[in-house]
S.K.: 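What follows is a single structure, and I will ask about it in a moment.
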Amino acid sequence: MRDAGAQHIGLHFRRNRRPLDETLAEIAMEVLPHFHSHTQESIA
């Protein structure tokens, strides 16, 4: 995705069969750490 220039992702949970809180916790642990944080330094 980064090589393609993507700056965001979209998530669609309609067909998710797992509990939403479990799914979001896994995304927070496994996916979000790979994205840059938006600090003042990265915005400036």
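For the single chain, residues carry numbers from 1 onward in sequence order. Small disclaimer: the values here were computed from a predicted structure and weren't measured.
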S.K.: Enumerate the salt bridge (charged side-chain N to carboxylate O under 4.0 Å, His left out) contacts for residues 4-17, please, sequence neighbours excluded, ordered by first and then second residue.
M.R.: none
S.K.: Please tell me whether M29 and L11 are part of a single hydrophobic cluster in this structure, the criterion being side-chain heavy atoms less than 4.5 Å apart.
M.R.: no
S.K.: Under the rule for side-chain hydrogen bond (donor to acceptor under 3.5 Å, both in side chains), what residues qualify as partners of E22, not counting sequence neighbours?
M.R.: R18
S.K.: What pair of heavy atoms forms the shortest contact from P33 to A28, and how long is it?
M.R.: CD-O, 3.3 Å
